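A short worksheet on the structure shown next.
Note on naming: letters A, B, ... go to the chains in the order of the sequence lines (proteins, then strands), and numbering restarts at 1 for each one. Every value quoted in this text rests on a predicted model; they were computed, and no experiment measured them.
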Amino acid sequence: MSSGEKPTLLLIDGHSLAFRAFYALSPDNFKNSAGQHTNAVHGFISMMLNILELEKPTHLCVAFDVSRESFRTKELPEYKGTRGETPEEFIGQTELLVEALTAMNIVSVSRENYEADDLIASLSVAGEKAGMEVLVVSGDRDTFQLITEKVTILYPVKGVLNLARMDDAAVLEKYGVHARQYPELAALVGETSDNLKGIPGVGPKTAAKWIQEFGSLEAILQNAEQIPGKVGNSLRENAELAVRNRRLNHLLRDLEFDFTLEDLELGPVNEDAVSESFAKLSFRTLLTRVLKLRGTNGSQHKVISAKVMHEESDHTSVIDAPAAATSAVIADLPTEPIPSELADLVSIERLIGSGDCCVHVEIADSKVVGLGAATLSKRLQWNGEGNPDPLLETGGFGTWDYKMLSRNLAGIGISLGPITNDPLLSCYLIDPLSKDLNPDAQIRQHAGIDIVRQDPNELLSQSDPSLDAWIYSVLVAVTCPQLEAEGSLAVYRDIELPASAVLAKMEQLGIAVDRDYLETQFQELDAEVAKVAQEAYAIIGHEVNLASPKQLQTVLFEELGMVGTRSVKTGFSTNAEALATLYEQTEHPFLERLLAHRDATKLRQMAETLIKSIEKDGRIHTSYSQVGTSTGRLSSENPNLQNIPIRSARGQKLRGAFIAGAGFETLLTADYSQIELRIMAHMSQDAGLIEAFNAGEDLHNFVGSRLYDVAPDQVTPDMRAKVKAMSYGLAYGLSDFGLARQLRIDKREAKQLMEDYFSRFGGIKTYLDQVVQRAKTLGYTTTIYGRRRPFPDLNSKIFQLRENARRAALNAPMQGTAADIMKIAMVNVAKAMDQAGLRSQLLLQVHDELVFAVYPGELETLKQLAVTQLGQVVKLSVPLDVHIGVGANWELAGH
DNA sequence: CTCACTACGTA
DNA sequence: CGTACGTAGTGAGT
């Protein structure tokens, strides 16, 4: 251990980690020669080594429970009583683990009557007092009470390999209370895993709210009379439960030990001892890792890893044949040794030859820690020496999920250069419905190659970036010719690839938001929710979970005796449409409150989600999924900025939170009006619809005038609404039934409307029928740019499936073409802005709308540029109409 | 803890 | 019995 480093004490809850390891690895795969299971021991050591590697602690101690009995079970016999029997295969492994730890010179500790957490708590305090940083690995949230500036909990989340760093900020973020308050929250809520019941009706949210309000559990209990409602009663009745829980979850911090902190220091290991111990356990791969990580005070030269052997050569070491971890199939592919240095990779052409080079990058601790490059026949791997960043910034290679990599690299100050290929995108274009868009699944599917990622004896796979890079190369080599054969290579090269670079930038920019504004909105909505809920309860005379369709069914259709309209699986629907119908029938005031409550909770939740999404830069960075839809559209997530309310006045106010941000003048939106209907007009070549778009008249008025044989200015709002619904519905495969339901007219009238429509605009029907027919024959639909979507269900014997497929098929070319056009527009806009030297920024895409931040002085230029670029993407039989909006925020800039 | 279901916001 | 999405809450299951 280098003396300059800050001493760091790592404390591990032995059983907690051993159990996780036990469930992560199959016992069947891990037995020693005596038939004793060793999966928990193996997994534990592997995970421990992983933590040692990442955290580089100087001191380590592992604490175990002696048995289930402790002073806590003496007070409360049922404490932790819900824990099931220890699995048979686990028995004996703790002892083996302690032995192995001893062989590695690692101190393990346990004590009669105390739990491991008490030992950890006491050691943690001791370590902190001695000026050390302390890391605690424990799956027990009670340890959160130990968190201080110096003490961090590594808490296992989802999966074996993930440890969340819980410090005070993380606890506050996740639970809404400070770490020191966490046990008070747990005392109120209860802890199922410890068999501790909490206050009935009190969940983490309520508990956090109270703690925030009163400051402590004690204060809450003192002021219990002030707490209203059911939960208030519950609290008063069960106060002693909380007190008991708090007593039980308090960890002892003053236990003393017969060793000193110095005894916990990690030093070199005795190779023979570890070797012997691991031999008993039949572990082979772990030995290498231990010795490499810890160093040995035994014979120095026995352990030499493959990579070390090459170190003498240079920065980049040639990898010999693909690692043993890959399947035999890979060995069939030609490999040749390439003497190379990092510099050779920078002049990428030499490596590529006629093939395509791909890279795979691994990032950890804000650094590039792994870099592999490959063509079909060559694999190079960086060994960690020298700086690979310039290579990445030069670009000129392919990689999987450029957009994600670009964002991750940007996060650590590296700007990824332009790329040549992204097999994620090519695989998506081949099968936009694919459920498993990951490299291993795709190479199995497209090239029949099975990638075996890890030796079953190894919990933590050794990373092999060049293998990943090689997989990408294979995928590029297989999918591009297929795309070419299908006529969709241009969609890949000219649309998706360039769009991914534009999207990467948009994601990184994010959009500025006004946090105070959003918080005010949230507060208002929160008050409204509470008010409306109380009114609703008063009307029906009792409380009910207004968010529970099931409970609402009881209230509406049993207690209030209403007659349901639409049926869903659980009974009658309680959705807004059904409630509206019920309201027409009964005018019951409860329905009003319920609808208002739904509205307000939905908006409140959105406001909350948005607030939580604001990053340190004061902006919201959504992620666009370029492979998330079957039609070619984008989707937006974390948060979804493509469904921010606009229709209702109250909802629209949320848009006011999105602003241009410091240094920018205003927001500008550019949207295509009725783009899908225009595409329908073009594709169908229906003379009536084409004329409608070229007439310069309001579209729906024009169509209405044709349909009802009146002058355009004689079309009533009612007529216009019907025509509009009809026009849009067409593109979705709307039926007379659906049209009738939507317009609340009878089916006969709806049917008549459709017949009239088709008699005036016959080309549309012909076109739609032809789309479906073609899709039935070919098995897929295409957009005008060649994007395909397969339709396996179009010939299904099951009516429902076939019908669903039919409607989706007739819509896909229109929605897909619109998506293509918008993506091209984005690419062209970005390019034009660049060429014009504009400093304005493209920030968001919402299917048919783009949102820009306008740099001071660029408003007119940008307006012109946007109109031009969006409008001239493609020449159709009807013009592409672009509408511009300008305003200080998204609400004002909207249309 | 995960999943299906219901609900609801957008284009 | 209208296409395409993402998110959140409930309640029943593991």
**Item:** Working for side-chain hydrogen bond (donor to acceptor under 3.5 Å, both in side chains), residues R598(A) and T574(A)
**Value:** CA-CA 11 Å; R598(A) 283 253 178 90; T574(A) 63; 3.2 Å; yes

**CA sep, side-chain torsions, deciding dist, call: Y624(A), E507(A), side-chain hydrogen bond (donor to acceptor under 3.5 Å, both in side chains)** = CA-CA 7 Å; Y624(A) 290 102; E507(A) 290 185 1; over 6 Å; no

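Under the 4.5 Å side-chain criterion, counting only non-hydrogen atoms from C-beta, Y537(A) is not in contact with V532(A). Using a 4.5 Å heavy-atom threshold, the side chains of V851(A) and L668(A) count as separate.
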**Asked** What string of B, S and - do you get for nucleotides 5-11 of chain B 5' to 3' if you count protein non-hydrogen atoms under 4.0 Å?
**Response** SSSBBBB

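Looking at residues two or more places apart in sequence or on another chain, you find a ring-ring contact (aromatic ring centres under 6.0 Å, His included) between Y182(A) and F144(A), Y175(A). Residues satisfying the side-chain contact (heavy atoms from CB on, under 4.5 Å) test with S735(A), not counting sequence neighbours, are F737(A). Contacts of R787(A) classified as salt bridge (Lys or Arg N to Asp or Glu O under 4.0 Å), with partners at least two apart in sequence or in another chain: E496(A), D820(A). For D769(A), the salt bridge (Lys or Arg N to Asp or Glu O under 4.0 Å) test picks out K765(A), with sequence neighbours left out. Applying the ring-ring contact (aromatic ring centres under 6.0 Å, His included) rule to Y728(A) yields the partners H700(A); only residues at least two apart in sequence or on another chain are considered. In this structure Y428(A) satisfies the ring-ring contact (aromatic ring centres under 6.0 Å, His included) test with no other residue, sequence neighbours excluded.
Of all heavy-atom pairs spanning L433(A) and P792(A), the tightest one is CD1-CD, 4.4 Å.
Summarising the geometry, the separation between CG on L552(A) and P on dT10(C) is reported as 11 Å, rounded to the nearest angstrom. Atom-to-atom, CG of L810(A) to C1' of dA4(C) comes out at 13 Å; the value is rounded to the nearest Å.
DNA chain C lies under 4.0 Å from no heavy atom of any residue of residues 427-437 of chain A. DNA chain B is contacted by no residue of residues 721-730 of chain A, taking any non-hydrogen atom closer than 4.0 Å.
The residues D698(A) and R720(A) are annotated as salt-bridged, a charged nitrogen and a carboxylate oxygen being separated by less than 4.0 angstrom.
Distances from the side chain of Q742(A) to the nucleotides dT7(C), dG2(C), dT10(C) place dG2(C) closest.
When base pairs are accepted only as Watson-Crick or G-U wobble with both N-N or N-O distances under 3.5 Å, DNA chain C takes part in stems of 3 or more pairs at B:1-11 with C:3-13.
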Atom pairs, protein N/O to nucleotides 12-14 of chain C N/O, distance under 3.5 Å:
from	atom 1	to	atom 2	distance (Å)
dA12(C)	OP1	K550(A)	NZ	2.8

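A side-chain hydrogen bond (donor to acceptor under 3.5 Å, both in side chains) check over residues 742-751 of chain A, counting only residues at least two apart or in different chains, returns the pairs T581(A)-R744(A), E584(A)-R744(A), K722(A)-E749(A).
The neighbour count for R774(A) CZ, taken as heavy atoms of other residues, nucleotides or ligands under 6.0 Å away, does not exceed 12.
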